[in-house]
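Contents: one structure, followed by commentary.
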Amino acid sequence: ADVLEAEGWDVRFLGTQLPHRDILMAIEEHQPKVVGISATMLFNVPKVSSLIGDVRLRYGSDVRVILGGGAFRFSTNLWRDLGADGFGSDLREGIALVERLMASPN
C-alpha cells in the first residue's frame, strides 16, 4: 500500500484479519478499480478464495483483484484458480500489474 501510494495511487489500507463484510463495505464506499489481497500462509488461501468469490458476486469484473504474498509464490497458477486478475511476486511486479490492469479495459 505504501509503495503504491508513493507512486501516486489513491490507496486505502484496510489492515489484516478484517472480516469479509467490512472489506465489501469498504469496496462499496470507496469504489476502487483494484483490490489487493495478500496472504502469507497457505492455510489462509481458502479465506482468500471466499473473499474473491464475494467480490465477484457483488462487483463482477468491475473490480480487479490482485494477489500477493508468500502463500501464492510457489504455485504459478493459484491466483488464476482462485479467480484473481493477477499476482505480483514482489513490489515491482505488483506495481507493474496495477499499471497494466488500469491501462487495459475489463
Side-chain angles (χ1 to χ4, degrees):
D2 291 338
V3 173
L4 284 169
E5 194 168 51
E7 292 287 321
W9 294 94
D10 183 17
V11 176
R12 302 287 185 279
F13 178 70
L14 300 180
T16 61
Q17 303 299 322
L18 204 60
H20 289 188
R21 70 180 179 278
D22 293 345
I23 295 169
L24 294 172
M25 285 175 26
I27 293 171
E28 186 69 32
E29 179 181 345
H30 299 289
Q31 299 183 1
K33 302 272 188 227
V34 176
V35 171
I37 303 169
S38 178
T40 303
M41 307 301 289
L42 281 173
F43 62 77
N44 285 317
V45 170
K47 292 178 185 177
V48 171
S49 178
S50 176
L51 178 57
I52 293 170
D54 289 345
V55 170
R56 294 295 185 225
L57 277 174
R58 267 199 199 189
Y59 306 102
S61 62
D62 290 342
V63 174
R64 301 291 187 92
V65 177
I66 63 170
L67 302 178
F72 306 104
R73 285 194 184 115
F74 302 105
S75 177
T76 57
N77 289 312
L78 182 56
W79 64 270
R80 281 188 184 97
D81 295 341
L82 296 177
D85 295 296
F87 165 70
S89 64
D90 59 29
L91 293 173
R92 283 189 193 112
E93 279 189 25
I95 290 169
L97 176 58
V98 169
E99 289 172 349
R100 274 194 318 272
L101 289 173
M102 292 301 86
S104 68
N106 285 356

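What you see is a predicted model; the values in this text were computed from it and never measured.
Scored by the side chain to side chain contact (heavy atoms under 4.5 Å, CB included) test, Ala39 finds Asn44, Val48, Ala71, Phe72 as partners (sequence neighbours excluded). Residues passing the salt bridge (charged side-chain N to carboxylate O under 4.0 Å, His left out) test with Arg80: none are found, sequence neighbours excluded. With sequence neighbours excluded, no residue forms a salt bridge (charged side-chain N to carboxylate O under 4.0 Å, His left out) with Arg73. Annotation: side chain to side chain contact (heavy atoms under 4.5 Å, CB included) contacts of Ser89 (sequence neighbours excluded): Phe87, Glu93. Annotation: side chain to side chain contact (heavy atoms under 4.5 Å, CB included) contacts of Leu18 (sequence neighbours excluded): Leu14, Asp22, Ile23. With sequence neighbours excluded, no residue satisfies side chain to side chain donor-acceptor pair (under 3.5 Å) with Gln31. Considering only residues two or more places apart in sequence or on other chains, Asp81 meets the salt bridge (charged side-chain N to carboxylate O under 4.0 Å, His left out) condition with none of them. With sequence neighbours excluded, no residue forms a side chain to side chain contact (heavy atoms under 4.5 Å, CB included) with Thr40.
Membership of the apolar cluster around Met41 extends to Phe43, as traced through chained side-chain contacts below 4.5 Å between ILVMFWY residues.
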Sequence neighbours excluded and cut-off under 3.5 Å, please list the side-chain donor-acceptor pairs for residues 2-12, or say none.
from, atom 1, to, atom 2, distance (Å)
Asp10, OD1, Arg12, NH1, 2.6
Arg12, NE, His30, ND1, 3.3

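Considering all non-hydrogen atoms of both residues, Gly69 and Ser38 come closest at CA-OG, 3.8 Å. For Ile52 against Leu82, the heavy-atom pair with the smallest separation is CG2-O, 3.3 Å.
Each of Ile37, Val65, Val35 was evaluated against Leu51; a single residue qualifies, Ile37, per the side-chain contact (heavy atoms from CB on, under 4.5 Å) test.
Sorted by first and then second residue, the salt bridge (charged side-chain N to carboxylate O under 4.0 Å, His left out) pairs involving residues 46-60 (not counting sequence neighbours) are Arg56-Asp85.
To the nearest 0.5 Å, atom CE of residue Met102 and atom CG of residue Leu97 are 9.0 Å apart. The distance from atom CD1 of Ile66 to atom CH2 of Trp79, rounded to the nearest 0.5 Å, is 11.0 Å.
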